Engineer: 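Sharing a structure below in structure tokens format, with a few things to ask.
In what follows, every heavy atom counts, from backbone to side chain, and hydrogens, waters and symmetry copies are set aside. Chain A is the first sequence line, chain B the second, and so forth, proteins listed ahead of strands; every chain is numbered from 1. Remember, it's a predicted structure, so these values are computed and weren't measured experimentally.
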Amino acid sequence: MGILEVKDVGKRFGGLQALSDVNLSVKENSVHAIIGPNGAGKSTLLNCLVGKLIPDTGSVMFDGQSVLGRTPYEINQMGISRVFQTPEIFGDLTVMENMMIPCFAKRDGAFRMHAIENMMAEKDIVEKAEAMLVDMNMADKKDMHSASMSRGDKRRLEIGMCLAQEPRLLLLDEPTAGMARADTNNTIDLLKQISDEREITIAIIEHDMHVVFSLANRITVLAQGTPLVEDDPENIRGNPKVREAYLGETA
Amino acid sequence: MLGLNKKDTSLMIVVAILALFAPFILNPFPEGSAMAQFNAGYPDLMQRFVIFGIFAIGFNILFGLTGYLSFGHAAFLGIGSYSVVWMYKLLDYNVIWGLPLAIITSGLFALLIGYVSLRRSGIYFSILTLAFAQMSFNLAYSVLTPITNGETGLQVYTDDAQVLLGANEATSPHLFGIVMNSSAKLDLGPWSFTFNNGYYFCAIILLLVFYLAIRIFRSPFGMMLRAIKSNQTRLNYTGLNPRPYALAAFVISGMYAGLAGGLMAAMDPLAGAERMQWTASGEVVLMTILGGTGTLIGPVLGAGFIKYFENIFSKINDNILHQWFAFLPDGLEDFVVFIIHPFIGKGWHLTLGILFMLVVIFLPGGLVEGGQRIKRALSRKKDADAAKTEPAE
Amino acid sequence: MDAIILQILNGLDKGSAYALIALGLTLIFGTLGVVNFAHGALFMIGAFCAVTLSKILNLSFETIDPTKTDFLGNPLKVKTPYVMEWFGPETGAAIIDWAVPLAILFSIPIMIAVGFIMERGLIKHFYKRAHADQILVTFGLAIVLQEVVKYFFGANPIPTGAPDAFKGSFDFGVLLGYDPNVIIYPYWRMVYFFFAALVIGGVFAFLQFTTFGMVVRAGMADRETVGLLGINIDKRFTIMFGIAAAVAGIAGVMYAPINSPNYHMGMDFLVLSFVVVVVGGMGSLPGAVLAGFLLGILESFASMNQIKSLIPGIDQIIIYVVAIIILLTRPRGLMGRKGVMEE
Amino acid sequence: MNVKPDFSKGHNLAETAPAFLSIWNMESYYGESYIVQNISFNVHEGEILALLGRNGAGKTSTLRSIARMDSPQVTHGEIWLDHQPLHLMKSHEAAAAGIGLVPEDRCIIPGLTVEENLQLAQIAPPIGWSLDRLYELFPRLGERRKQEGVTLSGGEQQMLAIARALARDIKVLLLDEPYEGLAPVIVDEIEKTLRIIKEQGITTILVEQNAVRALELADRSVILDTGGIVFDGSANEVLSNEELRAEYLAI
Amino acid sequence: YTNEPTGSSVTLGFNVPQTGPYADEGADELRAYELAVEHLNGGGDGGMMNTFSSKALSGNGILGKKVEFVTGDTQTKSDAARASAKSMIEKDGAVMITGGSSSGVAIAVQGLCQEAGVIFMAGLTHSNDTTGKDKKANGFRHFFNGYMSGAALAPVLKNLYGTDRNAYHLTADYTWGWTQEESIAAATEAMGWKTVNKVRTPLAATDFSSYIAPVLNSGADVLVLNHYGGNMVNSLTNAVQFGLRDKVVNGKNFEIVVPLYSRLMAKGAGENVKGIHGSTNWHWSLQDDASKAFVKSFGTKYGFPPSQAAHTVYCQTLLYADACERAGTFNPCGVVEALEGFEFDGLGNGPTLYRAEDHQCFKDVLVVRGKENPTSEFDLLEVVEVTPAAQVTYAPDHPMFAGGNLGTCNPGA
Ligand SMILES: Nc1ncnc2c1ncn2[C@@H]1O[C@H](COP(=O)(O)OP(=O)(O)OP(=O)(O)O)[C@@H](O)[C@H]1O
Ligand SMILES: Nc1ncnc2c1ncn2[C@@H]1O[C@H](COP(=O)(O)OP(=O)(O)OP(=O)(O)O)[C@@H](O)[C@H]1O
Ligand SMILES: [Mg+2]
Ligand SMILES: [Mg+2]
């Protein structure tokens, strides 16, 4: 029984069956990669997990509880964090403030009226956010206006923000897209470290096979809305069906 | 100090000094001089500066932080006023009954209106708030006349209940006997300064609520509000529910508006329906933007700016112009008066409109940005001076 | 039943005024995304185009009539319009009589010019600025325009009649088999309705059957990218502004005989027109038109005595009640597009 | 810090421009931050130039400067395309002169269908490939032509962005990370497309994080670091220069 | 007392609408004020000072002090009007405030003056409440009111249209509208008319078509428009547009009545006023000496005849000055005493009384009609009847005016 159990999920957009009969089980403390051609429905599946979309059929259980019908923030409070394909950060806020918000969300829940306290006097939050920035190698950008960072930095910040919430399941939608090789390698290390040290389960969508094969313990290949195969990385690499549908000659 | 950082403390001190010494600061010109026309240091206007400052500070907590643009805040202003006058009518002229009630009723109304309106965002939200406020205004003006006294405005009549009214009690608003409309005058040479009880009462309240606003701005709550403005999607996916935060901000700013409305009635025991009209809601929007949205002091400046024009420029007439320019040769005098004439007196709207445009074109951040630019120019000059002197050392 | 038909007629007419104003506003506000508080002022300027033209046509020379005296007891100066002198009294009088329809021709170039100047000189710099800044600058502009008009024309309304041919009213009731005088309707209001339908149709056709509409929509969503595709979006925005100003202007011209123009008539319509546009849904021209007619008709119904006696004061608030209900049941108004000014 | 463009130094590049596209002493600013720092390079007709560098090196800014976008603001320097002075143009004029930029975040226009996105590109002359031909190249787009562009999957959006550039008759194609978020098979396909485009005689500047892939395709390469050029030479040279690769490309 | 003038001059506060829909009316009031000040200070031709029955004024200011004035903008809003009045009292030291062009504003400012201890001479205010339930000891009204309109109009309407008529009222939905509707309905019902319906219209309404369309079908043959300003201009224009005036109902010509007329409104409504009856406080075409003197001095200075608003505020300024002279003080209580029960003549409306009980002025009321063939842009109304004061006088405790309490004069600090 995995921490995340997806059963028979289907989703239709108008005339397009984006997902059908998706079954997926993500084991606790594993790194589970979801790969597949463009338009296979990977992001759609992710959206169904976090409450952005409601699947037409099937069920999604996280840690024994159904996530369906819950709002995104409720699902997040259950322990699922998500990194978006195009970075979603608080552009008007500084990097430090961006990092503090998830810390508050973790400590205080979905809503708390703390209108009089001084934000900076919340020692535990400030320390945690600073530590996280150091972990993300962004301490020097602390007071920067986050909207004016380059895209790679934005993505790193977003990952950091998700980690600061200490989620139990981290969902990443192409976290290294557009990242320089050096940073990609750093991110791989970081994610490895996360899954080893923080006991966070990771589900990752990625087209960069270098990243996928460096991280994943388990891979699901999605094609045209249904899982094609699910297997260990080595087997996937050799699978002719996968090669044809997805990997091409290069892998 | 008081849990504020250095910058905020000095801002607070500056505001406190400005507020407490306003009777001097606003009356820079000697009585009877030609420029005395520009003096603003009389009780009514000083009270208005402060009251509308409070209104705008509260509005800015909603608009400046969350970005939700309410076009119906005047409704709360009106509700605050009606609450206070009703307390005069039922109990007595002590403002201590009415003001808390004003805050509570406007808070409740804000809760209701905000709860409904915040289901939508952007312009849809603005129009919902506008619709609620206009409904309140239209009803208060006519159908609800038994409660609001309609067009005439709610006021105290001698046959009102006033159950607490003591035999020797003042028959105008007061706080435990401190009568709001009584003043002390100080004459220094040609200068004359007025110290009005009501003004100081309002000023102290302003300082309190300004302090509260700083605390809110610097609080985690304030940061959440800014996060709402910045990216609601991210907020949702960070496990935070934007709705109660926005609603809390709406209610707080509604209470500020209610307090401001209550104070208006505390200074002048009358509550008119037009306080709830959309133009009044629009005015506070303009004040906030003009001063500098999202800044602490901006809304107060914006409020002062608009009220100054409304009360000082509208009173300048051709006669006064002729007095000012009497030193010019006759033809030239008439010409100058002719040129200035469209902008003063009944033309004060024109001047105001032009100034709105100039400010927003040249100072995108509002009056506060103007201040910052001056400061920067000065410090740059200082730097330049310093640079010049360096080689000499 | 007759009362209902009557109010539907009234509503259609009110609605056509709302729809026309909302249409112009939607072109700027719903499509270009500029909160234009000066739109009412454009409507007002349109009405004053009619006033101005009628003043021009009435330009007169004075002759002294010694048989009569003026209020101070001096001999009375009698004014004769030049047009009467030039074209003869009858043709002259007819020209003056037709001042309002003529003013349409007169106003279109003026309004387009006003729109161009406004956009090039001011609004252009505000596309990328916050909506709040747009509000402040256009509100300032509205005040200025209004005060300028007040300076030249005064604050009092200025009567501007329809041609004599359109005076009086048409008895619909008789047509439908009712008694005379049961359902009557002024000719000019019928003209207004057909005129509005024509303008609305014209604007739709222009935006539908040319790619112009698509380009402007695209430009509003993402100016940069549209520029990358070789399209000079600035020019199109300017044109759009000109069209919107012209629509507002001719709506104002035709409205002049219905209610005497005054300098603050724009502000009177401003709030209402924003409500109409938003209820219609941001970015949707059909939405704006639909909402205009819907609110017009509902407003007329609410003013019926039978309904007023059920709910006192309902006619005061009907528009707002309907707006609230619609916005709560349909998140983006009647036909709003996603993402337009939702933040 | 509003520096006025200074073209007074007068290299008359109109006649003497050594190449098809010449960038000469170009400097650009985001507000007050100096981003593109006095760079000069040439691109020859028909070649593919790989513009490489770390995150934040200024690659995107360079492309945007060439396409004459509003930000960053080019304050100094000259850009000549086929004897036309791009530095004197606005972005829509540059586009008419033959520049086609595929922006890094694709910029599919919301509210428009796939087909409308393409039609939009064919409103202003010069018009390039026909829609049929584009659908032939990207059959997926043909299938989705009535769908709203922004709801396409990431990879589909990338195809649409490239197709949109080709829908215009361009001389230079500026590609900002075209492979980002694409499945390996598709990357292969796009690479093929780029070769086809090259055969058509279209000059290309390619910005890409996957440096090896880009270099294999490119004729020449320019490497940027903190807004300045650190290398300008043939693609093979980079591949063979260990030091350069390690220092600036982490490969 | 408040703002006792100590120097060589005395300051009066002229608080009129300078912006908003009534700005033109306010501008005309200001002209009249300036004229009055000029006359009080001995300038010009003296205007009605020469015809005024009281001869206390001598052209040397008031009590020997030169008259100065300050102006302000009421914006036709109670709040703004009070703010403006307060600044005159607190900043400029005005001992008397006057002006305004709506009842809401008049009542609000009157209340303020009572509290502050200065005299208020109301400008244009026609609601019964101003000297009814909202009357104040420090306030006086020279203008007539809704009741008086009804009393003056009823006999004329009876003569013109007979006693068997069905009236339909359209009424602006706020206090002034209601009191006028009540007054007119009462007066016309007393002479036998029936009231078919009373419909309230929103203040903000600009298009009255949906209120006017059902009128014909209601069996009414007279439409009474209890509207003022822009409302009146629009409702009348709309009514004429619907062709109501060409209709025959119940075998009678359909008629429209506008109980409260002003020349500026008539100008706004243009041709639509032709032949329509209403009442007004004063009109420049009156041929008594006082009116002629005023028209002459106003017309000479400004080039056009004065409006009733101008006349009202001019009179009030003279009356105030005269009262100060007679009382020998600016003390509000002295002034009140001098004005209460004051009878005079020579200000244009015949013998006039300032009644002590409610501070309402009683004088002749004019019934006017829109002129069919105006000779100039000012010549829009013609006087049909001068209703003598006695006919419009009512008891101070008349039910329409009941409920208020005049209180006692307040001299302030
Ligand atoms: N809101 C929507 N409306 C209609 N179709 C949609 C919508 N969202 C996604 N689709 C379609 O559903 C399919 C799956 O999209 P999805 O974004 O899940 O793909 P993906 O696997 O994430 O691809 P990529 O790797 O390219 O990001 C695509 O064909 C897309 O066009
Ligand atoms: N809108 C902006 N405002 C201010 N600075 C910006 C802005 N956009 C980018 N920058 C800064 O300009 C520098 C260069 O950014 P650019 O996007 O050109 O880099 P890049 O080489 O394309 O990086 P990446 O590989 O991450 O896309 C970065 O330091 C970035 O912080
Ligand atoms: Mg995807
Ligand atoms: Mg980039």
Engineer: How long is the straight-line distance from CG of E:Asn217 back to CD1 of C:Ile184, given to the nearest 0.5 Å?
Structural biologist: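 Atom-to-atom, C:Ile184:CD1 and E:Asn217:CG are 9.5 Å apart.
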Engineer: Of the non-hydrogen atoms in C:Pro186 and E:Gln241, which two are nearest, and what is the gap between them?
Structural biologist: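 Nearest pair, atom of C:Pro186 first, then E:Gln241: CB-O, 3.5 Å.
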Engineer: Is the shortest heavy-atom distance from the side chain of E:Thr237 to the side chain of C:Ser260 under 4.5 Å?
Structural biologist: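 A side-chain contact under 4.5 Å exists here.
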Engineer: With chain C as the partner chain, list the residues of residues 281-290 of chain E whose heavy atoms fall under 4.5 Å from it, by residue number, and write 'none' if nothing qualifies.
Structural biologist: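 At a heavy-atom separation under 4.5 Å, chain C is reached by E:Trp284.
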Engineer: Between atom OG of E:Ser235 and atom CG of C:Asn259, what is the distance when rounded to the nearest 0.5 Å?
Structural biologist: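 The distance works out to 9.5 Å.
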Engineer: Taking every non-hydrogen pair under 4.5 Å, which of C:Leu272, C:Asp268, C:Asn305 racks up the most with chain E?
Structural biologist: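 Most pairs with chain E among the choices: C:Asn305.
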Engineer: Taking side chain as everything from C-beta outward and backbone as N, CA, C, O, which of these in E:Val248 sits under 4.5 Å from a heavy atom of chain C? Side chain, backbone, both or neither.
Structural biologist: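 Just its backbone gets close to chain C.
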Engineer: Taking NZ in E:Lys194 as the centre, count heavy atoms belonging to other residues, nucleotides or ligands within less than 6.0 Å. Is the count above 12?
Structural biologist: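 Check fails, neighbour count at 12 or below.
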Engineer: Please report the interatomic distance CG(E:Asp173) to NZ(C:Lys308), rounded to the nearest 0.5 Å.
Structural biologist: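 Rounded to the nearest 0.5 Å, the CG-NZ separation comes to 6.5 Å.
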Engineer: Looking only at heavy atoms and a cut-off of under 4.5 Å, which of E:Glu25, E:Met265, E:Lys247 has the most pairs with chain C?
Structural biologist: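 Of E:Glu25, E:Met265, E:Lys247, E:Lys247 has the most heavy-atom pairs under 4.5 Å with chain C.
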Engineer: Check whether E:Asn197 gets within reach of chain C through its side chain, its backbone, both or neither, counting any heavy atom under 4.5 Å.
Structural biologist: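 Contact with chain C involves the side chain of E:Asn197 alone.
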Engineer: Of all of C:Ile183, C:Ile158, C:Ile258, C:Leu6, which one pairs up most often with chain E through heavy atoms under 4.5 Å apart?
Structural biologist: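 Result: the option with the highest number of such pairs is C:Ile258.
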Engineer: With sequence neighbours left out, which residue pairs that include part of residues 260-271 of chain E fulfil the side chain to side chain donor-acceptor pair (under 3.5 Å) condition?
Structural biologist: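 Qualifying pairs, neighbours excluded: none.
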Engineer: For E:Tyr211 and C:Asp315, run side chain to side chain donor-acceptor pair (under 3.5 Å): C-alpha distance rounded to whole Å, both residues' side-chain angles, the deciding distance at 0.1 Å, then the answer.
Structural biologist: CA-CA 11 Å; E:Tyr211 298 95; C:Asp315 51 339; 2.5 Å; yes
Engineer: Enter the distance from E:Ser376:OG to C:Lys79:NZ here, rounded to the nearest 0.5 Å.
Structural biologist: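 Those atoms lie 9.0 Å apart.
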Engineer: Quick one: what part of C:Lys77 sits under 4.5 Å from any heavy atom of chain E, side chain, backbone, both or neither?
Structural biologist: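 Neither part, no heavy atoms under 4.5 Å.
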Engineer: Indicate yes or no: at least one non-hydrogen side-chain atom of C:Tyr18 is less than 4.5 angstrom from one of E:Asp207.
Structural biologist: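 SC-SC contact between C:Tyr18 and E:Asp207 ruled out.
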Engineer: Measuring from C:Tyr263:OH to E:Thr19:OG1, what's the distance to the nearest 0.5 Å?
Structural biologist: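 If we round to the nearest 0.5 Å, C:Tyr263:OH and E:Thr19:OG1 are 6.0 Å apart.
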Engineer: Can you check whether C:Asn156's main-chain N or O pairs, donor with acceptor, with E:Asp24's side chain at less than 3.5 Å?
Structural biologist: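 Between the backbone of C:Asn156 and the side chain of E:Asp24 there is a qualifying donor-acceptor contact (under 3.5 Å).
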Engineer: At a heavy-atom separation under 4.5 Å, does E:Ala269 approach chain C through its side chain, its backbone, both, or neither?
Structural biologist: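 Just its backbone gets close to chain C.
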Engineer: Within the structure provided, determine whether E:Pro214 and C:Met304 are in side-chain contact (heavy-atom separation under 4.5 Å).
Structural biologist: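 The answer is no; the side chains never approach within 4.5 Å.
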Engineer: What do the steps show when you test C:Glu299 against E:Ser210 for side-chain contact (heavy atoms from CB on, under 4.5 Å), and what is the final call?
Structural biologist: CA-CA 8 Å; C:Glu299 200 184 6; E:Ser210 53; over 6 Å; no
Engineer: Is it the case that atom CZ in C:Phe61 sees more than 12 heavy atoms from other parts of the structure closer than 6.0 Å?
Structural biologist: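 Atom CZ in C:Phe61 is crowded, with more than 12 foreign heavy atoms closer than 6.0 Å.
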Engineer: About how many Å separate CZ of C:Arg189 and CG of E:Asn238, when rounded to the nearest 0.5 Å?
Structural biologist: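 So the gap between those two atoms works out to 5.0 Å.
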Engineer: Need one label for E:Val295: side chain, backbone, both or neither, based on atoms under 4.5 Å from any heavy atom in chain C.
Structural biologist: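 Both backbone and side chain.
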Engineer: So, for C:Ala155 and E:Ala23, which heavy atoms are closest and what is the spacing to 0.1 Å?
Structural biologist: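 Answer, listing the atom of C:Ala155 first, then E:Ala23: CB-CB, 3.6 Å.
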